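Bear in mind that the values here come from a model prediction, so they are computed numbers and not experimental data. Computed over heavy atoms, backbone and side chain alike; hydrogens, waters and symmetry mates excluded.
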Amino acid sequence: MRVLAAMSGGVDSAVAAARAVDEGHDVVGVHLALSTAPGALRTGSRGCCSKEDAGDARRAADVLGIPFYVWDFADRFKEDVIDDFVASYAAGETPNPCLRCNEKIKFSALADRALALGFDAVATGHYAQLHDGVLRRAVDADKDQSYVLAVLNQAQLSRAMFPIGDTPKSEIREEAAERGLAVADKPDSHDICFIPSGDTRAFLGAHIGVRPGKVVDSETGAELADHEGVHGFTIGQRKGLGVEGPAADGRPRYVTSIEPESGTVMVGSAQKLDVWAISGDRAVWTEGSAPTGPIECVVQVRAHGGLTEAVAEAAGDGMEIQLRTPLTGVAKGQAAVLYRKDIHGDIVIGSSTISGTRSERE
């Protein structure tokens, strides 16, 4: 089988490519150039896609003895990931750009080009498992990336390979060292890859500009502070509200809702963050078809955390989810990913983009 190995320049994708070679596939390595100014996208362990990363990927390909190319997807990445990220925050949402990158770049634009060139599959260094087209959590729970892959449909999964999902990260580093890969000790990238400074608010401010509004007490309606844009806030946020001191009862304040049209950021007590029901749109059912009725599942609303048992069902192009216990800090724009358990571990059922929440228990 002809396999295109996406090589980011890190240890995970290097070992994934190596394992694809070991399996006897005809492997070609490719590094994605996602920035028009690649030197600006890495600061230490933050960021990605720098010239350093491309060089690391090329050296790993040389060790493996496979052809290597750099493909320029900078324009597509800006349009489908960065611009989408900025627009979502401007609308008062909290997006996850890794989901959009997987959906639009790695398993759409990249996979489409790979198929056009005669490749059968794309291998990546994601921590997840695929068995007979079924997406599962990785063995290493701390590194599991099934959440950010849950936007992939069955057609996309059918041409994907995740060679390292059955191995803990510590063993992946050991394997890289044994193979003579120089990236064995390279630090993992952190935060959002296209914001190497780690300052999301400053990045968004530079792209969106000043859109003044008010921070308002949800109980009294009192205006507590001015702000420069709703993009600086997310549901559940406690720090950086620009408000002097706690509420009158001494309890801390949290962002409880965001109204992008008026620029109003509502703040209140922690109790106002409880969510018992979630509505989602753009549903993706990773096994190929939507369930015909309510299903028992576990829902996850953040890449690392925010899990509870739930009952979900398809609703048009979206889904409705009733939670068994409440979650907090659930924001529009996040993904709600559904899992179910079997003897082999957690299976991804599907995902949707959160479009609304309800605090009432039904």
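A donor-acceptor contact shorter than 3.5 Å links the side chain of S351 to the backbone of A150. Using a distance-only test at 3.5 Å, with no hydrogens or angles considered, a donor-acceptor pair links the side chain of D120 to the main chain of R2. Side-chain atoms of R238 never come within 3.5 Å of backbone atoms of Y254 as a donor-acceptor pair (strictly under, hydrogens ignored).
Surrounding CD of Q154 are more than 12 heavy atoms belonging to other residues, nucleotides or ligands, all under 6.0 Å away. Heavy-atom contacts from other residues, nucleotides or ligands closer than 6.0 Å to CG of D112 number more than 12. D249 CG: more than 12 foreign heavy atoms inside a 6.0 Å radius. Around the NZ atom of K78, the shell of radius 6.0 Å holds no more than 12 heavy atoms that belong to other residues, nucleotides or ligands. Within 6.0 Å of the CD atom in E309, the count of heavy atoms belonging to other residues, nucleotides or ligands does not exceed 12. When the shell of 6.0 Å around CZ of R76 is examined, it contains more than 12 heavy atoms from other residues, nucleotides or ligands.
Between E287 and I347, some side-chain heavy-atom pair lies under the 4.5 Å cut-off. The shortest side-chain heavy-atom distance between V298 and R324 does not fall under the 4.5 Å cut-off.
For the pair R100 and F85, the cation-pi criterion (under 6.0 Å, within 45° of the ring axis) is not fulfilled.
Screening D140, D142, D188 for a side chain to side chain donor-acceptor pair (under 3.5 Å) with K169, the sole residue that qualifies is D188.
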